[in-house]
*Asks:* 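Please find one structure pasted underneath; my questions will follow.
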Amino acid sequence: MPPPKDVVKIAIQMVGAIPQLIDLQQTKPLASVLKDVCDAWSLPNAEHYALQYADGRQTYITESVRRPPTSPQPHRHGAHRSPVPFSLQNRGEIKNGSILRLTTSPDQEAERLYSGIQSNNSDVKTDSLKKLASLSQDVTFAQEFINRNGLKKVFCIVEEGNDTGEMLAHTLKAFMELMEHDFVSWETLSAAFIKKIVSYVNMNAVDASVQQLSLSILENMVPTSRVLFELVKKEVTLDRLLIHLQVTNAQLQLKAMALLIALLLSATDAERQEMMDYLREKNIRQFIHKNIIHSSEPLADEMAHYLYVLQSVSLNLHERRMRTSMDPYSQEQRELLQSLRQTAFESESEAPTSNFSTERRRSLCAKEFRKLGFVNNSNPAEDLRRAPPGLLALDNMVYFSRHTPNAYSRFVLENSSREDKHECPFARSSIQLTLILCEILHVGEPCSETAQAFYPMFFGQDHFFEELFCICIQLVNKTWKEMRATQEDFDKVLQVVREQITRTLSLKPTSLELFKTRVNALNYSEILKLRQTERLHQEETLAVPVLELRERLKPELLELIRQQRLLHLCEGTLFRKISSRRRQDKLWYCRLSPNHKVLHYGDVEEGVNSPPIESLPEKIPVVDMKMLLVGKECPHTKEKSSGKQNKDVLELAFSIVYDMEEYCLNFIAPTRYEFCLWTDGLNVLLGKEMTSERTQTDLDVLLSMELKLRLLDLENISIPDTPPPIPKPPSNLNFCYDFSHAEQ
């Protein structure tokens, strides 16, 4: 007879005693359980003890999950989030075979450490702060310590202390862990405390771990209020952050970049523009391109994310001009427009236009604007009324004319001398190309919270967007000539140009020069070859006999994909903690056991890539898994704001519901690829179909390879849609050889 669901068999340890093996009744009050355990070891005062997990983070066992009584805190990208329940492993989550430890209760430990951190003995004080930094990760202990006004004592140690070594590092670590639970708002910090933290960032002779923690504290502080943002921006200069970015310590470099990104995201548009202009003056892009992207050390995921955000913030500075239509009454904008005409045609005019009548001058201007490729040549401002791309298209054309005047003049004059139907319209092409580049580079879109895809060449060039436009507008003219296009082919040409740009960008060229070389090599004939190859492949695979063969091969290949998914789950993946504002500080690992029966998971330190399965203390038996939730169905996404910033989080979120549908293990996948592999693998474990888009992609690739191998002998032989007819049976079978009359 199976044991009742509310009874679990566990072991309880205590230093210097023989472990107890007990049947824990989950319906029995925790105080009564503790009294029974203490009585077995003849320990008085059971209320002074508590149970905690012996492995992993050693969380205290409590009756229920507690919530922080605070107002919503800003998310790291600016979106507000509601307080969330802590992922506390309460007693209801204790499983058969769990190992617990009898230890001092959280209130007793909090009281002891509260006294210890005030000790006059430096060794006792340091040890107490070290223990405090470790225990503060537990929400139960943190609440007990804060209730004793312990956080105020931590403030005092920082504000009044002069130590800059190990003791201070433990103090700042403890502060960070206590603040992580959101019991106390960041806005309650005193000016003296903040200035002290700032001083550690601005000092030269300070331990690196202290500077890392100080930068992390300021990073968390910046998004919480406008007052704190302005204070940090004033006290920690961009020059100081640039100094930290140039150190060889990768972690210190990462924390400095994190604070820089937090400042940029919290700034107003005007402040952001000012900060980016200053960073440009200091050649930050060139430094990042040389010392971070092309460093001998591999680029960390967190740094890749920050570089993506920096690229996105920089490109989004173009959004205002992109969304602003041209004002025909603006003198400045009219002068920019006229400068395009003057640069192209000033040497053509033999007589000064001032001698012409107003009507003659207007007619000449209209003719020249028509040669420039404006649709409305009598009032070219009308062409720039569409937003996007708005004034950004005008900016690009002016930049092209001023920085590459020879190429600009050649483009315009070359096309103005062609037949009307074959001329490539410069202005119309520039407007449409600017729109295409904005779409490809996601100008005006909010930063993703998890993306890491940045273009290395972005950091190798100032005025990246404008320089990219200069290359691509010449590509338009080149492709136009290759296609022998007419005005009716305009959309077709720009479609080819878009394909040339996207295919080249997917190769991640490291410089604009390399991009220029590759995009020009990908000419129209190459595009046609690629399209033809893809089309022939599609036609070949759509023949009726081939479709039948595909269907026969599918089950075998789907089984191969299932095995690959399970193998990936066995290798495991590193995930970020979902309840933390500090993505880089909270990591956990999850992997499937080799026999596919248990899911192991647990917290890990930064830099641990593939921890052994024995080091992951938490377990979920596969038989206890009931269902898989994705996207908006997940409990941890329902508690986040529904703004645009969280769209990417929704696309990467999934949860396992287990143990009678009472508990959930929540995930945020690091990439869409990992999301697909994990959701597929979990569906396989649940006996369900794999539903991710990656499954279809992998199946198509495998089917394509298998079909090509099987059809190799039929190359250049057309496959009929229907099988050849089977001939009618003969009228007699006398032609058959009779073996019974074999020759003797």
Side-chain angles (χ1 to χ4, degrees), residues 315 317-348 365-418 423-441 443-444 461-481 487 490-491 493-494 497-498 501 512 516 519:
L315 288 171
L317 294 176
H318 297 292
E319 182 181 7
R320 185 178 63 82
R321 299 286 284 182
M322 180 187 76
R323 300 196 186 282
T324 304
S325 300
M326 181 167 181
D327 179 6
Y329 301 104
S330 167
Q331 180 67 24
E332 178 191 359
Q333 293 173 24
R334 288 207 312 272
E335 287 176 357
L336 287 175
L337 198 56
Q338 289 296 329
S339 72
L340 290 174
R341 183 185 62 81
Q342 292 164 359
T343 304
F345 302 111
E346 61 183 3
S347 59
E348 275 195 340
C365 287
K367 181 182 177 183
E368 290 176 343
F369 276 122
R370 185 188 64 75
K371 288 182 178 181
L372 275 174
F374 284 94
V375 176
N376 195 329
N377 49 61
S378 60
N379 185 13
E382 284 296 318
D383 288 24
L384 295 163
R385 295 294 294 274
R386 182 177 58 146
L391 290 174
L392 186 56
L394 178 61
D395 294 342
N396 282 338
M397 288 188 281
V398 171
Y399 185 92
F400 181 52
S401 69
R402 291 177 178 174
H403 289 80
T404 53
N406 293 334
Y408 170 68
S409 298
R410 187 164 57 249
F411 189 120
V412 175
L413 298 177
E414 179 183 297
N415 285 287
S416 63
S417 62
R418 288 185 192 170
E423 62 185 13
C424 178
F426 170 73
R428 185 183 174 195
S429 300
S430 297
I431 293 168
Q432 190 60 30
L433 176 62
T434 300
L435 183 61
I436 288 172
L437 291 177
C438 287
E439 290 172 355
I440 292 174
L441 299 175
V443 176
Q461 178 71 52
D462 283 334
H463 305 290
F464 169 78
F465 191 86
E466 294 86 347
E467 291 290 339
L468 183 63
F469 171 85
C470 291
I471 293 171
C472 293
I473 192 62
Q474 295 176 75
L475 175 68
V476 171
N477 190 37
K478 175 175 174 287
T479 304
W480 186 281
K481 288 187 288 186
Q487 294 295 325
F490 180 82
D491 291 336
V493 173
L494 269 294
V497 170
R498 177 193 283 268
I501 295 169
L512 272 175
K516 183 178 180 179
V519 82

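Note: hydrogens, waters and symmetry copies are ignored here, and every other heavy atom, side chains too, is used.
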*Asks:* Parallel under 30°, tilted from 30 to 60°, perpendicular over 60°: which one fits the rings of His463 and Tyr399?
*Replies:*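 Tilted, since the angle between the ring planes falls between 30° and 60°.
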
*Asks:* As an exercise, state the distance from CG of Asp395 to CZ of Phe469, rounded to the nearest 0.5 Å.
*Replies:* 10.5 Å

*Asks:* Is Arg323 reaching over with its side chain to a backbone N or O of Ala387, donor-acceptor style, under 3.5 angstrom?
*Replies:*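 Looks like no, no N/O pair under 3.5 Å.
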
*Asks:* Answer yes or no: is there a side-chain heavy-atom contact under 4.5 Å between Leu391 and Leu336?
*Replies:* no

*Asks:* Please name the pair of heavy atoms, one in Leu413 and one in Ala344, separated by the smallest distance, quoted to 0.1 Å.
*Replies:*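 Scanning both residues completely, I find the closest heavy atoms to be CD2-O, 4.0 Å.
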
*Asks:* To the nearest 0.5 Å, tell me how far Gln338 CD sits from Thr343 OG1.
*Replies:* 11.0 Å

*Asks:* Suppose we screen for salt bridge (charged side-chain N to carboxylate O under 4.0 Å, His left out). Which residues come up paired with Glu382, at least two apart in sequence or across chains?
*Replies:*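 With sequence neighbours excluded, Glu382 shows a salt bridge (charged side-chain N to carboxylate O under 4.0 Å, His left out) to Arg385, given in chain and number order.
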
*Asks:* So with a 6.0 Å cut-off around CZ of Arg386, is the heavy-atom count from everything else above 12?
*Replies:* yes

*Asks:* Using the side chain to side chain contact (heavy atoms under 4.5 Å, CB included) rule, take Ile436 and Val497 through it: C-alpha gap first, then chi angles, then the decisive distance, then the call.
*Replies:* CA-CA 9 Å; Ile436 288 172; Val497 170; 5.7 Å; no

*Asks:* Taking side chain to side chain contact (heavy atoms under 4.5 Å, CB included) as the criterion, tell me which of Ile473, Asn415, Ile431 meets it with Phe426.
*Replies:* Ile473

*Asks:* So which atom in Ser429 and which in Pro425 form the shortest heavy-atom distance, rounded to 0.1 Å?
*Replies:* OG-O, 2.6 Å

*Asks:* With a 4.5 Å cut-off on side-chain heavy atoms, are Arg498 and Gln432 touching?
*Replies:* no

*Asks:* Just wondering, do Val398 and Leu340 contact through their side chains at under 4.5 Å, heavy atoms?
*Replies:*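 SC-SC contact between Leu340 and Val398 confirmed.
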
*Asks:* Once rounded to the nearest 0.5 Å, what's the spacing between atom CG of Asp383 and atom OG of Ser430?
*Replies:* 11.0 Å

*Asks:* State whether the side chain of Gln474 and the backbone N or O of Cys470 hold a donor-acceptor pair below 3.5 Å, judged by distance alone.
*Replies:*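 Such a contact is found between Gln474 side chain and Cys470 backbone.
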
*Asks:* Is the shortest side-chain heavy-atom distance between Phe345 and Cys365 below 4.5 Å?
*Replies:*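 No. Closest side-chain heavy atoms not under 4.5 Å.
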
*Asks:* State whether a side-chain donor-acceptor pair under 3.5 Å links Ser378 with Asn376.
*Replies:*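 Yes.
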
*Asks:* Search all heavy atoms of Met322 against all heavy atoms of Gly444 and return the closest pair with its distance.
*Replies:* CE-CA, 4.5 Å

*Asks:* Does Gln333 reach the main-chain N or O of Met326 with its side chain, forming a donor-acceptor pair under 3.5 Å?
*Replies:* no

*Asks:* Please list all pairs passing the salt bridge (charged side-chain N to carboxylate O under 4.0 Å, His left out) test where one or both residues lie in residues 461-481, with sequence neighbours left out.
*Replies:* Glu414-Lys481, Lys478-Glu482

*Asks:* Once ring pair (Phe, Tyr, Trp, His ring centres under 6.0 Å) is applied, what residue pairs with a partner in residues 317-336 remain, sequence neighbours excluded?
*Replies:* His318-Phe465

*Asks:* Going from OG on Ser339 to CG on Leu337, what distance comes out if it is rounded to the nearest 0.5 angstrom?
*Replies:*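 Interatomic distance, Ser339 OG to Leu337 CG, rounded to 0.5 Å: 7.5 Å.
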
*Asks:* Rounded to the nearest 0.5 Å, what's the gap from NZ on Lys371 to CD on Glu423? Could you check?
*Replies:*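 Between Lys371 NZ and Glu423 CD, I get 9.5 Å after rounding to 0.5 Å.
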
*Asks:* Let me confirm one number: the OG1-CG distance from Thr434 to Asn396, rounded to the nearest 0.5 Å.
*Replies:* 4.0 Å

*Asks:* Provide the closest heavy-atom pair for Arg428 versus Val375 in the form atom of the first, atom of the second, distance.
*Replies:*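 Nearest pair, atom of Arg428 first, then Val375: CD-CG2, 4.1 Å.
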
*Asks:* Are any non-hydrogen side-chain atoms of Ile501 and Leu433 less than 4.5 angstrom apart?
*Replies:*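 SC-SC contact between Ile501 and Leu433 confirmed.
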
